[in-house]
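Have a look at the structure below, then the notes.
In what follows, every chain begins at residue 1, and chains take the letters A, B, ... in the order their sequences are listed.
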Amino acid sequence: SWLKISIFSTRSPSQRVSWCKVEVTVESPKVITVLVSEEKMVHPPAVVTAINLKTIVNEKQNISEIVSASVLCFHNAKIDVPMPAPERKRSGILSHFTVVRNPGGTGYPIGWKKEVADRNSKNSCSVLSFENSERALLNRFFLELYKLDSDVLVGHNISGFDLDVLLQRSQACKVLSSMWSKIGRLKRSFMPKLKGNTNFGFGATPGLMSCIAGRLLCDTDLCSRDLLKKVISCSLTDLSKTLLNRDRKEISPNDIPKLFQSSKTLMELIECGEIDAWLSMEIMFHLNVLPLTLQLTNISGNLWGKTLQGARAQRNEYYLLHTFHSKKYILPDKFSQRMKDIKSSKRRINHGPEDQNVDELDADLALENDPSKGSKTKKGPAYAGGLVLEPKKGLYDKYVLLLDFSSLYPSIIQEYNICFTTIPRSEDGVPRLPSSQTPGILPKLMEHLVTIRKSVKLKMEKESGLKHLELDTRQEALKRTANNMYGCLGSSHSRFYAMPLAELIALQGREILQRTVDLVQNHLNLEVIYGDTDSIMIQSGLDDIEEARAVGAKVIQEVNKKYRCLKIECDGIYKRMLLLRKKKYAAVKLEFKDGKLCEEIERKGVDMVRRDWSLLSKEIGDLCLAKILYGGSCEDVVRAIHNELIKIKEEMRRGQVAIEKYVITKALTKPPEAYTDSKSQPHVQVALRMRQRGYREGFNAKNTVPYIICYEQGGASSGSSAGIADRARHPDEVKSDDSRWLVDIDYYLAHQIYPVVSRLCAEIQGTSPESIEADQPVILLHPSCLLQAMKKDTKTVSRWH
DNA sequence: ACCTGGAGCGC
DNA sequence: GTTGAGCAAGGCGCTCCAGGT
């Protein structure tokens with residue numbers, strides 16, 4: 001036991017306010033003591049339950065109705081250390097349950113009853129049951145959930161879908177509050193307002209959150225978007241493939257009624273729900289969600305449930321609140337947007353004589369109140385950020401050194417003692433650096449984070465296995481917490497919004513980078529070819545890696561001499577590098593991992609790392625890149641690329657390229673109806689049409705929409721007369737609509753392959769000027785020639801199956 | 001030839 | 001004593017596309 005409650009009272013079962021197994025009332029939180037220190041704490045295991053619903057759409061009312069509900073429960077999850085799959089298998093206790101009902105009300109297929117009985121007896125407990133109404137289904141579901149007494153509810157998009165549907169349907173079916181409120185740990189007698197006015201169409205509303213009081217909610221959709229920024233799509237299907245290497249079967253809501261025709265297909269539906277619940281739970285473990293969010297929560301002192309919801313700004317807010325409070329500061333109140341509005345309109349009344357120009361007042365308000373101005377104008381940057389050096393473009397085949405300042409902004413806060421307490425508030429302009437030597441709260445806090453992180457990393461090296469993983473999670477969380485601080489200073493919504501401080505930090509960053517460049521170029525006589533915010537790349541001109549490393553070491557030594565806290569480090573050495581534009585480059589990177597030198601291609605910002613290019617473009621881009629980075633002479637590279645292009649073009653024309661490779665993916669930043677220029681956006685058009693066809697899921701704000709640019713067979717014109725957005729089709733439309741839509745090969749050649757390849761090759765000619773004149777291969781890569789290679793030849797009609 | 005909104009990156 | 005409204009939201013710099021003027 002780890003918790004001690006010294007004085008408490010109990011109530012009779014009928015008077016209890018919760019569904020908990022034990023319920024006590026205390027007079028004050030002071031009677032509760034934690035028995036062990038955080039260091040020695042052995043966290044009790046948690047009960048984690050994944051939920052998945054299968055629903056059909058009620059066309060008339062445009063709502064989802066539940067057909068089947070599955071739960072999968074992991075009874076002894078560790079919350080403090082990662083649990084890799086083998087560990088889970090070894091020590092896990094799993095149980096599952098599904099309840100189903102026939103939406104048509106026409107009974108169940110022949111033999112179904114026996115099938116269910118067999119399954120239950122095989123598992124020697126009730127794992128499957130069927131009901132005759134949605135209300136009965138819900139009752140049964142809540143009862144099973146109650147028995148599990150879960151600490152954490154997991155699900156993919158559970159906060160945006162499953163939870164809402166469960167409670168909406170409970171309300172519609174008049175499920176008793178004594179049943180539906182079992183979804184949480186608190187007994188409730190009335191349904192709260194489920195459709196809150198907050199969160200722009202995603203996440204759980206406050207009403208929903210209040211219903212699950214006492215349990216944590218882990219939405220693997222939200223979590224994966226937060227933790228895996230670069231993943232193309234966070235749909236359950238795609239994550240299962242990329243993270244777990246598992247294929248997921250998708251069942252469209254429109255097909256569900258058909259599945260009730262036979263026992264076999266109905267069982268497939270049920271298994272699909274159980275597998276989906278399992279996948280979501282697997283993703284949670286795979287991403288190490290619980291241990292990471294627990295660490296983040298413990299460091300910042302906010303609520304775990306909030307950390308699970310994202311709430312980065314709030315984490316930062318709580319951390320600062322605790323710190324300032326412990327130093328006996330009284331903090332200013334937090335003003336809501338509404339309060340800010342009231343305040344500014346009062347000011348307007350107070351000093352606004354009737355004849356004053358209204359525009360002037362508005363401008364005044366915009367400046368004083370909020371850099372994001374009103375709601376209709378898009379907010380521009382409020383202050384200057386990082387410095388990006390003009391790249392010296394080209395292909396480098398001698399060693400390039402990559403140096404960067406570790407945690408630049410947190411270090412600047414320490415180096416220059418930047419804090420609310422050290423810098424006076426001023427009316428305008430960037431404030432000056434403080435002269436005070438007494439460290440402010442913010443720098444001390446940064447130092448604290450850095451110190452703990454160092455000690456955690458040291459301990460980590462000595463440990464192995466689970467302890468190692470736990471400490472790694474903790475040091476990662478400490479880094480995140482430190483890096484979060486700067487962003488929140490510059491966020492106008494933040495309680496600790498301090499634009500002058502953010503501006504000052506960014507200014508120092510720019511000056512530091514520029515000073516470093518000057519030092520390297522003027523005093524060390526080395527050439528800086530690029531740099532972004534906290535990094536510089538130096539062309540060593542050397543073929544010998546040891547010599548290159550020595551040069552790097554010298555630079556590091558010279559730069560670090562100048563600073564107390566700031567530290568520049570070598571982040572890697574590029575053997576060969578293609579520098580295309582600001583924020584766009586690729587290289588063969590050499591890195592020391594476990595004392596061994598490894599080599600890998602690093603790509604930054606180039607088209608291939610962006611989800612808004614088709615797989616086709618990316619594959620060809622990567623192919624060209626590999627030829628460029630590993631290729632021999634310029635001529636060989638050019639010829640190889642040219643041949644590759646011709647080959648691909650032929651394959652496309654012959655219809656030998658899989659349709660999946662043509663899929664382009666773009667994210668909706670808002671609900672599709674909210675776009676003012678939906679006409680020009682292919683993904684918005686596709687989303688609107690799919691929604692009209694009754695596909696509700698996957699076409700909301702923040703979802704990614706896949707599409708293919710097509711032309712209509714037998715349409716008036718085969719090509720570009722219609723806008724690009726009108727010719728975009730969802731992959732399912734292309735597959736199902738009876739070969740009505742054909743991939744527009746010409747579009748892909750001209751708009752997907754040509755731009756990608758030509759950008760990659762743009763710098764090749766420049767690297768060997770002498771070959772431009774005579775050699776034929778270089779000419780092959782001249783834009784006009786490249787275009788020729790891409791151009792249409794004989795007209796061919798391709799079919800896709 | 002310019003400008004704009006939107007998206008998605010880098011840091 | 002209960003109900004209801006409202007709550008939130010990291011930053012800037014830089015291509016690149018598509019459409020409009």
> If only side-chain N and O atoms of A:K193 are considered, is one of them under 4.0 Å from the OP1 or OP2 phosphate oxygen of C:dT3?
Replying inline: no
> Between C:dG11, C:dC17, B:dG6, which nucleotide gets closest to the side-chain atoms of A:Y486?
Replying inline: C:dG11
> Is A:G487 touching bases, backbone alone, or none of the nucleic acid, heavy atoms closer than 4.0 Å?
Replying inline: base
>> Measuring only the P atom in each nucleotide, how far is C:dA9 from B:dC11? A whole number of Å is fine.
In response: 27 Å
> Looking at C:dG10, does its base get a donor-acceptor pair with the side chain of A:R312 below 3.5 Å?
Replying inline: yes
> A:Q314 has a side chain; which of C:dA9, B:dA7, C:dC12 sits nearest to it?
Replying inline: C:dA9
> Between A:T669 and B:dG6, is there a side-chain N or O to OP1/OP2 distance below 4.0 Å?
Replying inline: no
> Within the structure shown, what part of the strands sits under 4.0 Å from A:Y585 by heavy-atom distance: base, sugar-phosphate, or nothing?
Replying inline: sugar-phosphate
>> Could you tell me the Watson-Crick or G-U partner of C:dC7, where both distances fall under 3.5 Å? Say none if there is no partner.
In response: none
> When you check the side-chain N and O atoms of A:T307 and A:N302, is any donor under 3.5 Å from an acceptor?
Replying inline: yes
>> Starting the side chain at C-beta, find the nucleotide from C:dC12, C:dT15, C:dA18 nearest to A:Y383.
In response: C:dC12
> Among the nucleotides B:dC11, C:dC12, C:dT3, which one has an atom lying closest to any side-chain atom of A:F190?
Replying inline: C:dT3
> Which part of the nucleic acid, if any, lies within contact of A:A506, taking any heavy atom under 4.0 Å across all strands shown: a base, the sugar-phosphate backbone alone, or nothing?
Replying inline: nothing
> Taking a pair as Watson-Crick or G-U wobble with both distances under 3.5 Å, which nucleotide is matched to C:dC17?
Replying inline: B:dG5
>> On DNA chain C, does the nearest nucleotide to A:A725 precede the nearest nucleotide to A:K582 from the 5' side, or the other way round? Give the residue.
In response: A:K582
> Within a radius of less than 6.0 Å around CD of A:E27, do more than 12 heavy atoms belonging to other residues, nucleotides or ligands occur?
Replying inline: no
>> If only side-chain N and O atoms count, and only distance matters, is there a donor-acceptor pair under 3.5 Å linking A:Q414 with A:S411?
In response: no
>> With nearest nucleotide decided by heavy atoms, which residue, A:R759 or A:A313, maps closer to the 5′ end of DNA chain C?
In response: A:A313
> Which of the following nucleotides, C:dG19, C:dC17, C:dG10, is nearest to the side chain of A:W613?
Replying inline: C:dC17
> If you draw a 6.0 Å radius around NZ in A:K306, do more than 12 non-hydrogen atoms from other residues or ligands fall strictly inside?
Replying inline: no
> At under 4.0 Å, does any side-chain N or O of A:R610 touch on OP1 or OP2 of C:dT15?
Replying inline: no
> Side chain of A:E415, backbone of A:L566: donor and acceptor closer than 3.5 Å?
Replying inline: yes
> What's the closest nucleotide to the A:C488 side chain, out of C:dG10, B:dC11, C:dT15?
Replying inline: C:dG10
>> So A:D532, base contact, sugar-phosphate only, or nothing? Heavy-atom distance under 4.0 Å.
In response: sugar-phosphate
> Taking the side chain of A:Y747 as its heavy atoms from C-beta onward, which of C:dA9, C:dC12, C:dA18 lies nearest to it?
Replying inline: C:dA18
> Are A:K666 and C:dC17 close enough that a side-chain N or O sits under 4.0 Å from OP1 or OP2?
Replying inline: no
